[in-house]
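All values below come from the heavy atoms of this structure, side chains included, with hydrogens, waters and symmetry mates left out. Quick note: residue numbers are just sequence positions, from 1. Counting starts at 1 for both ligands and their atoms, in listed order.
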Amino acid sequence: MDKFLIRGGKPLKGTVKISGAKNSALPCLAATLLTAETVTLHNVPYVKDLITQRRLLEDLGATVLTPELHTHKVRAANIEIYEAPYDLVKTMRASVLALGPLLARFGQAKVSLPGGCAIGTRPIDLHLKAFEQLGATVSLEAGNVIARAPNGRLVGADTFFEKVSVTGTENVMMAASLARGKTTIHNAAREPEIEDLAELLNKMGANIKGAGTETITIEGIEDLGEADHTIIPDRIETGTFIVAAAITNGELEIKNCHPKHLAAVIEKLRETGVEIEVADETLTVKCGGKKLRSKNVTTEPHPLFPTDMQAQYMALMTQAEGTSTIVETIFENRFMHASELVRMGADIQISGNTATINGKTKLMGAPILASDLRASASLVLAGLAAEGETLIDRVYHIDRGYETIVRKLCGIGADIERITENLTMSAEEIK
Ligand code: UD1
């Protein structure tokens, strides 16, 4: 397994470019299953989750061409299988996004039920309930969800999400695009990725209104067609680089981003004393040697502070003066980075869904273990701020969602290298 070796203490300086949003590219790739025509997606980040999503499309029978590294041309004209198998779903929960498109276009879908994951149980019951409201019959057989649309087509309906769900909203929006009649999604997720998917679907011919608000209406149509679409920039990668500049007392220009997508993050970081200048698609971040202030935060659905920035914010709060609390309201087990930060010298107590951080403590490099995607990002940030060497194991988590992170960090002055373990045993060792 690959590791990252970081020699910390260097202020990051220079310019970094943000990649396309993983969490937008994943549903947009799934949406290509809704049509037999070619859908071209630009600005698709080259990260492990997208490679997995591409494999899923190809396993189902779609042709995926990549004329350029970040462009995917998908033609799902010859889909023969309607199934997302366990070996894919277990590595990436977002494979459940195949359920809505397959069910809508072919009237049937089988998707392995995702189990628990590192950050909690993460059920998909709300997706399934909404599909039932659209007329599907849903059953569970041998760990698989089997959904069928009677007479082969879903029927538009009023759906209500008891809890805001991002992929749930996306799944239903895709399914309802090809349903007969009108669907309304109440208490829909409002993330920018929902708006991006709706924009793609509308380019494909769908009739979706209200994406980005809590009520989305979809007038179903018979067929969707070809489209050309550019994925929005990754707001979580953007936020991670803002923290990277702040935690190393550096100065960064962050390009190709959409600052308005992370307004709550920018506002909170400004409260802590981070100086952030916002231009159209560029952010400039500096600390100017000032002390950071501790500020409390609670994670909430968009447009409030995102759970996907919680771990990175915790790393920053270890370097702020005073006590701060972080309340995690979205996932029940999302503080696994805390114990690793403590091993590096942080003072953090966890009680239920609240973390209390006493700062500022000196961070010292240590061998540490990444547990999930955003936790890995927080450990990289801590390693960049720490004195001495930090060796992060299980960085496959970070490869799922951060494009060429080592190259990007080296480009702005970090001392970080990837160590690829040589698994070949010598003849002597085999004996
Ligand atoms: C998406 C993001 C993930 C982010 C999360 C919250 C993608 C690919 N992933 O995940 O990065 O951390 O939103 O912003 O976009 N829930 C249920 N039943 C359901 C669905 C969800 O109880 O059927 C619960 C979840 O367990 C969780 C909460 O609702 O507690 C929100 O989950 P959800 O918004 O669905 O997260 P994901 O879409 O899986």
With heavy-atom distances below 4.0 Å as the criterion, list the atoms of ligand 1 near [X].
X	result
R93	39 (O)
H127	23 (O)
I330	27 (C), 30 (O), 31 (C)
R334	12 (O)

Report yes if some heavy atom in the side chain of M314 is under 4.5 Å from a heavy atom in the side chain of S378; otherwise report no.
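M314 does not reach S378 side chain to side chain.
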
With C28 as reference, evaluate L197, V74, V44, V39 under the side chain to side chain contact (heavy atoms under 4.5 Å, CB included) test and give the passing residue.
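Single pass found, and it is L197.
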
Do you know which of N43, L41, L200 makes side chain to side chain contact (heavy atoms under 4.5 Å, CB included) with T230?
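Looking at N43, L41, L200, the match for T230 under the side chain to side chain contact (heavy atoms under 4.5 Å, CB included) is N43.
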
Can you tell me how far apart CZ (F160) and CD1 (I185) are? Round to the nearest 0.5 Å.
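Between atom CZ of F160 and atom CD1 of I185 there are 12.5 Å.
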
Between [X] and ligand 1, is there a nitrogen or oxygen pair with a distance under 3.5 Å?
X	answer
G168	no
S165	yes
E191	no
K22	no
L26	no
T307	no

Heavy-atom pairs closer than 4.0 Å: do any link ligand 1 to the side chain of D308, the backbone, both, or neither?
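For D308, the contact with ligand 1 is made by the side chain alone.
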
Under a 4.0 Å N-O cut-off, is there an ion pair linking [X] with [Y]?
X	Y	result
E340	R343	yes
E141	K110	no
D308	R334	yes

side-chain hydrogen bond (donor to acceptor under 3.5 Å, both in side chains) for Q349 and T356? Distances and angles first, verdict last.
CA-CA 5 Å; Q349 277 96 41; T356 304; 5.5 Å; no

Residue-ligand contact V164/ligand 1, heavy atom below 4.0 Å
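Flag set, V164 near ligand 1.
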
